[in-house]
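First the proteins, then the strands, lettered A, B, ... as listed; each starts at 1. Quick caveat, the model's predicted, so the values are computed rather than measured.
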Amino acid sequence: MTTTNSAIPVTRFAPSPSGHLHVGGARTALFSWAFAKGREGKFLIRIEDTDQKRSSDAASVGFLRDLEWLGIRWDEGPEFTAPDGTRVGGGPHGPYFQSERLSLYNRYCQQLIDAGKAYESWDTPEELDALRKDATARKEAFRYRCRGETTAADRARFLAEGRQSVVRFRSGFEAVTIHDEVLGEATLPAGEVDDFVIRKKDGFPTYHFAVVVDDELMGVTHILRAQEHFTNTAKHILLQDALGFRRPVYGHLSIIKNPDDSKMSKRDKDKVLRKAVKERGLTAPPADSVSLVEWASWIGDENVQLSLEGAIALAQALKVTLPEINVDDFRRSGYLPEVLCNFLALNGWSPGGDVEKFDNAFLLQRFGLDRVMKTPAKFDRLKLLAFNTDAITGMPPEVFAKRCHEHARQFRPEFLAKLGDAKFALLMTACQERSKTLDDPFRSTAFLLTEDAALEFSDDKNVRKALGIGTPSADGGKSGLDHLRAMRVILGTVGDWSQPTLEAVATAYANEQAGGKIGAVAQPLRIGVSGSTVSPPIWDTLVLVGKSSALPRLDRCIAWAAATAGQ
RNA sequence: GGCCCCAUCGUCUAGCCUGGUCUAGGACACCUCCCUUUCACGGAGGUAACGAGGGUUCGAAUCCCUCUGGGGUCACCA
């Protein structure tokens with residue numbers, strides 16, 4: 001064996017095709033990228049689409065956009081045009097889709113067969129299954145071994161029976177030592193690796209074979225991947241030796257877990273939904289959620305995942321919140337890509353000392369395998385949120401406004417349409433210091449979009465207290481509803497509907513009628529125009545709603561409160 | 001179950017390799033108080049960990065062993 005000892009590292013991220021990049025994959029990509037780019041190396045992407053059962057059309061590489069959004073760009077790989085027009089991808093080692101590299105795999109596969117290091121194997125699934133059951137019954141781990149030479153006569157018989165062969169690697173009985181830059185050194189005892197399949201009956205290579213061939217051909221020097229591949233590494237090493245390939249440096253990254261200790265996975269959304277469906281004893285899809293067809297296949301098989309749209313619709317119908325798993329989920333929720341990268345890097349790596357806020361440039365400069373954690377990390381969304389909050393409240397206001405605008409353009413177009421530039425700008429200044437995400441300004445001001453006549457007043461404890469419904473004010477003075485009535489009249493006469501004027505008018509009233517307690521006036525007004533006790537600062541809110549909407553809303557609120565109090 | 005790996009506050013982690021400076025540091029969360037027109041932000045404090053047991057040593061979070069706990073893997077999926 002030869003160990004790759006190039007001064008310039010080449011790393012890769014090699015996912016199976018999927019529409020979305022989940023946080024675990026994002027971290028692997030981030031680390032691989034940082035490792036290579038911090039050492040003047042190359043980072044490439046390869047799509048591992050050797051499973052024909054999973055769809056692998058070009059449309060299913062949505063994760064490329066997620067990667068680009070995170071600021072991770074690849075020197076070689078699938079071609080992609082970033083939103084800013086930059087062309088990414090391509091390169092001299094393509095194609096970068098494994099399904100387009102079959103002839104390459106076949107060449108090396110034949111080489112192994114010719115050398116007697118691999119052989120055709122004709123077992124049926126049923127026979128293999130029987131073998132496995134047998135091993136289980138004897139409490140042994142099943143290890144496939146060559147079951148004797150297949151003669152020409154056997155071969156003819158199998159063919160006549162309609163059997164199809166696979167190619168298996170003759171792995172031998174040697175112990176295999178894996179050097180891992182993260183986990184250290186581990187030795188798999190002799191006999192642990194069986195004669196695994198390297199070419200499936202459909203002619204496609206298995207993951208193990210394709211990965212080894214491609215990493216060699218693409219000059220990959222360092223492989224950072226999920227820890228679930230650790231044991232597989234033995235197979236890859238055996239293959240590399242048999243093929244006379246160089247051996248890359250390995251680093252296996254621990255998995256990322258949910259707070260409840262379960263492995264964070266793409267299926268978590270479905271898990272939440274299945275639970276809700278079961279709890280409610282539903283036997284048919286709720287109206288306006290998923291189609292009967294999708295529902296049927298989803299209910300029938302625990303392994304089936306709902307489409308993203310289906311999952312969102314069903315979650316809405318069931319009133320459950322889907323966990324954010326994919327990079328895109330966080331994007332929609334208004335997280336900043338630089339914060340996500342920072343936080344992702346902190347799950348499994350740290351620069352040492354007390355430093356924990358950093359950008360990708362810093363990561364690129366400082367990242368090394370020696371400081372990668374061996375232990376699985378739990379993904380703490382609250383801490384992520386805290387990081388995001390810091391980043392947002394610390395932004396120059398114009399940057400916040402610009403990024404929020406971009407977010408709104410993609411996910412909240414209705415606000416853009418309704419507010420117009422001036423009010424949108426006001427919304428930004430009103431909301432920045434109380435926003436944790438780019439989406440918060442919109443999430444917290446849904447009442448702005450509501451038709452005046454359709455605004456609902458939330459009948460909860462805080463509202464009742466502020467309006468004095470059911471609980472006459474302790475001092476026997478005026479209730480919130482009384483103040484609201486008075487303010488409605490005053491506001492009707494206000495000509496200059498601006499924050500300073502509104503505040504001055506209300507303050508004057510409060511000093512005279514509410515003992516100077518501005519809150520006694522502000523809260524009822526807030527409820528009146530927003531429907532609840534939570535909104536941006538009241539004067540801003542009044543301006544955002546506008547006089548022509550505020551007055552009818554206050555009227556409706558007064559009527560509603562009077563009716564509610566009367567009961 | 002076989003094989004492999006791992007083990008510091010509730011969580012992410014610093015410290016461990018090169019034992020003493022660790023009565024174990026930071027951050028998030030949590031609790032208390034302050035600020036406050038709501039919600040947030042902010043400010044000041046506080047609770048909280050070396051999984052257990054044996055060694056080695058003058059001295060162990062740091063080195064060794066056992067146990068316990070956790071993770072990964074055992075496919076014609078990647």
### Message
Expressed as a whole number of angstroms, how long is the span from A:F343:CZ to B:U11:P?
### Response
13 Å
### Query
Hey, does the side-chain of A:K383 have a donor or acceptor N/O within less than 3.5 Å of a partner on the base of B:A27?
yes
### Query
Expressed as a whole number of Å, how far does the P atom of B:C16 sit from that of B:A7?
14 Å
### Query
Any side-chain N or O of A:R371 less than 4.0 Å from the OP1 or OP2 oxygen of B:A14?
yes
### Message
Less than 4.0 angstrom between a side-chain N/O of A:T50 and OP1 or OP2 of B:A78, yes or no?
### Response
yes
### Query
With a 3.5 Å cut-off and just heavy-atom distances, do the side chain of A:R434 and the base of B:C39 make a donor-acceptor pair?
yes
### Message
Taking pairing as Watson-Crick or G-U wobble with both contacts under 3.5 Å, can you name the mate of B:G1, or confirm there isn't one?
### Response
B:C74
### Task
Please measure how far the C1' atom in B:U62 lies from the corresponding atom in B:A49, and state the result in whole Å.
15 Å
### Message
Is the shortest side-chain heavy-atom distance between A:P396 and A:Q432 below 4.5 Å?
### Response
no
### Message
Applying the ring-ring contact (aromatic ring centres under 6.0 Å, His included) criterion to A:F169, which one of A:Y144, A:F196, A:Y119 satisfies it?
### Response
A:F196
### Message
Suppose we define a pair by two distances each less than 3.5 Å, Watson-Crick or G-U wobble; what does B:A24 pair with here?
### Response
none
### Task
Please determine if a side-chain N or O atom of A:K200 lies less than 4.0 Å away from the OP1 or OP2 oxygen of B:A78.
yes
### Message
So A:T533, base contact, sugar-phosphate only, or nothing? Heavy-atom distance under 4.0 Å.
### Response
base
### Message
So does A:L336 get a backbone contact from the side chain of A:N388, meaning a donor-acceptor N/O pair under 3.5 Å?
### Response
yes
### Message
Under the side chain to side chain donor-acceptor pair (under 3.5 Å) test against A:D215, which residue among A:H236, A:R12, A:R247 passes?
### Response
A:R12
### Query
When you check the phosphate oxygens OP1 and OP2 of B:C76, does a side-chain N or O of A:R168 lie under 4.0 Å from one of them?
yes
### Message
Counting only Watson-Crick pairs (N1-N3 plus N6-O4 or O6-N4) and G-U wobbles (N1-O2, O6-N3), all under 3.5 Å, who is the partner of B:A7?
### Response
B:U68
### Message
Return the pairing partner of B:G19 with a 3.5 Å limit on both distances, Watson-Crick or G-U wobble; otherwise return none.
### Response
none
### Message
Just confirming the chi classification of B:C41, syn or anti, using 90° around 0 as the syn window.
### Response
syn
### Query
Within less than 4.0 Å of OP1 or OP2 of B:A40, is there a side-chain N or O belonging to A:R443?
no
### Task
Could you tell me whether the side chain of A:N342 and the main chain of A:E356 form a donor-acceptor pair under 3.5 Å?
yes
### Task
Report yes if at least one side-chain N or O of A:K436 is closer than 4.0 Å to OP1 or OP2 of B:C41; otherwise report no.
yes
### Query
Reckon A:T136 touches a base, only the sugar-phosphate, or nothing at all at heavy-atom distances under 4.0 Å?
nothing
